[in-house]
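Here the structure comes first, spelled out in structure tokens, and everything after it is commentary.
Since the structure is predicted, the reported quantities are computational estimates derived from the model, not experimental observations.
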Amino acid sequence: MDATAPDPCPDEGPERGSSHAQPAPTALLWRDYRDLLIAAHRQLGGPIVLVWGNLNVHKAADLREWAAAQDWLTIYYLPPYAPDLNPVEGIWSLLRRGWLSNVAFGTPEHFVQTIRRGLRHIQYRSHLIDGCLTETGLTISP
């Protein structure tokens with residue numbers, strides 16, 4: 001590798017083969033979610049109601065046991081796949097049919113930039129967001 005070239009993976013930590021190299025965490029563990037919920041509860045000072053999907057860690061026995069013991073925490077789980085209950089699915093559908101369709105992305109940055117541009121466009125057109133919410137049958141009450 002050229003000594004003047006930038007490191008292609010600057011966040012990977014110690015070099016491979018190093019005796020003290022630690023693998024980077026690849027996912028949040030149930031304890032991470034627990035700690036986040038405790039911090040949110042302390043900061044908000046009130047009860048928390050979560051609506052969670054079916055990520056394995058969300059259903060981990062240890063997390064469920066801990067959550068059941070918290071009188072300030074209520075967790076509801078979505079059905080295994082419920083796009084009709086999730087307005088975000090409508091937003092992704094708009095992005096896939098519009099900004100992301102028929103595009104060959106040259107770099108991850110190009111992909112991210114295109115998604116951001118599409119989300120900004122949707123953000124400033126409340127009728128699009130309202131339509132995604134209407135499709136779910138859900139309403140927002142002030």
Legend entry - Exam field: side chain H41 to backbone W72, donor-acceptor pair closer than 3.5 Å: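 Flag not set: sc H41 to bb W72 has no pair under 3.5 Å.
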Legend entry - Y77 (side chain) donor-acceptor with H58 (main chain) under 3.5 angstrom: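 Pair found, side chain donor or acceptor close to backbone of H58.
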Legend entry - R34 to W30, cation-pi by 6.0 Å centre distance and 45° axis angle: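 Yes, R34 lies over the aromatic ring of W30.
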Spatial distance of atom [atom1] ([X]) from atom [atom2] ([Y]) [nearest 0.5 Å]:
{"X": "H110", "Y": "I115", "atom1": "NE2", "atom2": "CD1", "value": "10.5 Å"}
{"X": "I91", "Y": "L119", "atom1": "CD1", "atom2": "CG", "value": "7.5 Å"}
{"X": "L37", "Y": "L50", "atom1": "CG", "atom2": "CG", "value": "5.5 Å"}
{"X": "E109", "Y": "Q113", "atom1": "CD", "atom2": "CD", "value": "9.5 Å"}
{"X": "L100", "Y": "F105", "atom1": "CG", "atom2": "CZ", "value": "5.0 Å"}
{"X": "R31", "Y": "I38", "atom1": "CZ", "atom2": "CD1", "value": "12.0 Å"}

Inset, instruction - Taking the side chain as every heavy atom from C-beta outward, state whether D62 and W66 have any atom pair closer than 4.5 Å. - result: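 No, side chains not in contact.
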Inset, instruction - Would you mind reporting whether F111 and V103 have side-chain heavy atoms less than 4.5 Å apart? - result: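 Not touching, per the 4.5 Å side-chain cut-off.
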Considering all heavy atoms of both residues, which atom of [X] and which atom of [Y] are nearest to each other, and what is their separation?
{"X": "A67", "Y": "L73", "result": "CB-CD2, 3.7 Å"}
{"X": "T136", "Y": "P87", "result": "CG2-N, 3.6 Å"}
{"X": "V57", "Y": "L28", "result": "CG2-O, 3.8 Å"}

Inset, instruction - Under 4.5 Å between side-chain heavy atoms, chaining through other members, with only Ile, Leu, Val, Met, Phe, Trp and Tyr counted: pull out the rest of the cluster around L29, sorted by chain and number. - result: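 Hydrophobic cluster check, L29: no partners found.
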Inset, instruction - Please check if atom CZ in R64 has more than 12 non-hydrogen atoms from other residues, nucleotides or ligands closer than 6.0 Å. - result: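 Check passes, neighbour count above 12.
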Inset, instruction - Answer yes or no: does atom CH2 of W99 have more than 12 heavy-atom neighbours from other residues, nucleotides or ligands under 6.0 Å? - result: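 Buried by this count: over 12 neighbours within 6.0 Å.
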Legend entry - Transitive ILVMFWY side-chain link I48 to L55, under 4.5 Å: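 Per the 4.5 Å side-chain linkage, I48 and L55 are co-clustered.
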Legend entry - Co-membership, hydrophobic cluster, residues V51 and V88, 4.5 Å side-chain: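 Shared cluster, no.
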Inset, instruction - For this output row, return yes or no: ring centroids of W52 and Y33 closer than 6.0 angstrom. - result: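 Yes: the rings meet the under 6.0 Å criterion.
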Compile the donor-acceptor pairs under 3.5 Å between side chains in residues 122-135 and protein atoms, sequence neighbours left out, one pair per line.
from	atom 1	to	atom 2	distance (Å)
R125	NE	H121	NE2	3.3
R125	NH1	H121	O	2.9
R125	NH1	H121	ND1	3.1
T134	OG1	D130	O	2.8

